[in-house]
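Read the structure below first, then the notes.
Both ligands and their constituent atoms are indexed starting at 1 by order of listing.
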Amino acid sequence: MQSRQYLLASRPIGTPNSENWNFVKTDLPPLGANQIKVKVLYISLDPAMRGWMNEGKSYIPPVGIGEVMRAGGVGQVTESTDPKFKVGDNVYGTFGVCDYAVVSTQGIHKVDANLAPLERYLGVLGMPGMTAYFGLLDTGKPKAGETVVVSGAAGAVGTVVGQIAKIKGCRVVGIAGGEEKCKYLVDELGFDAAIDYKNSDVKQGLKEHCPKGVDVFFDNVGGDILDDVLTRINMKARIVICGAISQYNNTTPVKGPSNYLTLLVNRAKMEGIVVFDNIDNYGKSAAEMAGWIGEGKLIAKEHIVEGLETFPDTLLMLFRGENFGKLVIKVDHQK
Ligand code: NAP
């Protein structure tokens, strides 16, 4: 049986383009011990994928040239040599950008389509949701009545950060691109305010919407927005460095914050997070988040694009701000 796969053909300079990919059909190997064959149904598109395309040291090794592009996914088991996994089981794992995969069962988790739509296990109930939960609660440590600001607020991680902060009794201000996204944050998700960084002045917006200053800043974006928020932080503020998507396609060095001395003045803390550090606790937090979804306190939103072949351009939607919620590809399977 053959699998359609996107292989990394070369490392991008700046924004990835079609030359960085090889779309191939490859024969799948027969199953070894404790392996499963998976029909991939949904593929997670994540800003981190841009980092995995680069050479060099990071929190996980880069994808090698000629290898299937790494990606999380949800799929259905079609063959198994591991008694713990049966044909028909729905599973989450790192299957890559492909329509079928043969993988070892280590690190594969079953997911239940009766509890939530399968694509949700790539969003709120998956890696971005866990990033928001642990990054905000363990590192941001918000207290009721404090002001929490989140950038990339209308995305997979940002929407969850803001909603959890509301559940914890905070004033929540989101920063996102465009009127539609900002309106959604306030009208649908219950944020107290949203700042449209594409069409208004962020510093002015922070002054207006954070009259008591900023206690927690959850940053997904970096660059100028991080610098702007640093000018408004309170004593003992916590700045959670989750990501810096504004910098990922740079061909020049990453722009660091020039206003970092406000950390000194305010005895504030800036700390980076990596979601995988909390892997042992995902189950408990996913159950709590599922409870919030059931109570109507947490709204999940996915942005589904159909077709494996759309992958190179769909990935770029993240960097153009064209995704609205968790971006996933729904895989088509050719006969
Ligand atoms: P996402 O927010 O769903 O999608 C990316 C969004 O970033 C876009 O929709 C766009 O929204 C915004 N963006 C793109 N370019 C921008 C720019 N130049 N300036 C400002 N905003 C820009 O993606 P996500 O999966 O939730 O990830 C958000 C961040 O979290 C990323 O930085 C990612 O690397 C990070 N992350 C970190 C971890 C970890 O363990 N540390 C885990 C998961 C994700 P607008 O329309 O609002 O511009």
Practice item. Indicate, as side chain, backbone, both or neither, the part of Val275 found under 4.0 angstrom from ligand 1 when only non-hydrogen atoms are considered. Key: both

Exercise for review: Would you check whether Ala154 reaches within less than 4.0 Å of ligand 1, judged by its heavy atoms?
Suggested key: no

Practice item. Indicate, as side chain, backbone, both or neither, the part of Ala156 found under 4.0 angstrom from ligand 1 when only non-hydrogen atoms are considered. Key: both

Exercise for review: Decide, yes or no, whether a salt bridge links Arg320 with Asp313 under the criterion of side-chain N to carboxylate O below 4.0 Å.
Suggested key: yes

Check your understanding: For Gln106, does its backbone N or O pair with a side-chain atom of Ser104 as donor and acceptor, under 3.5 Å?
Key -> yes

Revision key, fill the gap. Looking only at protein heavy atoms, what sits closest to atom 30 (O) of ligand 1 is Asn220 OD1, 3.2 Å

Point to revise | Per-residue contact class, Ser151 against ligand 1 - non-hydrogen pairs under 4.0 Å | key: neither

Practice item. Using the side chain to side chain contact (heavy atoms under 4.5 Å, CB included) rule, take Leu263 and Leu230 through it: C-alpha gap first, then chi angles, then the decisive distance, then the call. Key: CA-CA 8 Å; Leu263 297 170; Leu230 281 173; 4.1 Å; yes

Exercise for review: Please verify whether a non-hydrogen atom of Leu327 lies at under 4.0 Å from ligand 1.
Suggested key: no

**Study point:** Proximity flag Tyr248 to ligand 1, non-hydrogen atoms under 4.0 Å
**Key:** yes

Review point. Quick check: does Ile273 get an N/O under 3.5 Å from an N/O on ligand 1?
Key: yes

Point to revise | Side chain, backbone, both or neither: Lys181 near ligand 1, heavy atoms under 4.0 Å | key: side chain

Exercise for review: Give a yes or no on whether Tyr133 and Val274 share a hydrophobic cluster (residues Ile, Leu, Val, Met, Phe, Trp, Tyr; joining criterion: side-chain heavy atoms under 4.5 Å apart).
Suggested key: yes

Review point. Considering only the protein, which heavy-atom contact is closest to atom 10 (C) of ligand 1, and what is its distance?
Key: Gly321 CA, 3.6 Å

Check your understanding: Do Ile43 and Phe23 sit in the same hydrophobic cluster, where Ile, Leu, Val, Met, Phe, Trp and Tyr count as joined when their side-chain heavy atoms come under 4.5 Å apart?
Key -> yes

Practice item. Distance to 0.1 Å, residue and atom name: give those for the protein heavy atom nearest to atom 36 (N) of ligand 1. Key: Cys242 SG, 3.6 Å

Point to revise | Charged N-O contact under 4.0 Å between Asp215 and Arg171 | key: no

Exercise for review: For atom 4 (O) of ligand 1, find the nearest protein heavy atom and state the residue, atom name and distance (0.1 Å precision).
Suggested key: Asn323 ND2, 3.2 Å

Exercise for review: Indicate yes or no for a side-chain donor-acceptor contact from Asp192 to the backbone of Val172 under 3.5 Å, with no hydrogens or angles considered.
Suggested key: yes

Exercise for review: Using distance alone, decide if ligand 1 has a nitrogen or oxygen within less than 3.5 Å of any nitrogen or oxygen in Pro47.
Suggested key: no

Check your understanding: Looking only at distance, does Val157 have an N or O less than 3.5 Å from an N or O of ligand 1?
Key -> yes

Point to revise | Electrostatic pair Glu146-Arg238, nearest N-O below 4.0 angstrom | key: yes

**Study point:** Residue-ligand contact Tyr59/ligand 1, heavy atom below 4.0 Å
**Key:** no

Exercise for review: Kindly indicate whether a cation-pi arrangement holds for Lys110 with Phe85, taking the cut-offs as under 6.0 Å to the six-membered ring centre and within 45° of the axis.
Suggested key: yes

**Study point:** Close N or O approach (Gly177, ligand 1; < 3.5 Å)
**Key:** yes

Review point. Which residue and non-hydrogen atom of the protein lie closest to atom 15 (N) of ligand 1, and at what distance in Å?
Key: Phe319 O, 3.6 Å

Practice item. Evaluate whether atom CD of Glu19 has more than 12 neighbouring non-hydrogen atoms of other residues, nucleotides or ligands under 6.0 angstrom away. Key: no

**Study point:** Ile245 contact mode with ligand 1 (heavy-atom cut-off under 4.0 Å)
**Key:** both

Study note, to complete from the structure: of all protein heavy atoms, closest to atom 6 (C) of ligand 1 is Leu318 O, 3.8 Å

Point to revise | ligand 1 contact on Tyr197 by region, counting heavy-atom pairs under 4.0 Å | key: side chain

Practice item. Would you confirm whether Thr81, through its side chain, and Gly32, through its main-chain N or O, come within 3.5 Å as a donor-acceptor pair? Key: yes

Check your understanding: Can Pro128 be said to touch ligand 1, with heavy atoms closer than 4.0 Å?
Key -> no

Check your understanding: What's the shortest distance from atom 2 (O) of ligand 1 to any protein heavy atom, and which residue and atom give it?
Key -> Gly155 CA, 3.2 Å

Check your understanding: Does a donor on one side chain sit under 3.5 Å from an acceptor on the other, for Tyr42 and Glu302?
Key -> no

Practice item. May I ask whether Met127 has any heavy atom positioned less than 4.0 angstrom from an atom of ligand 1? Key: yes

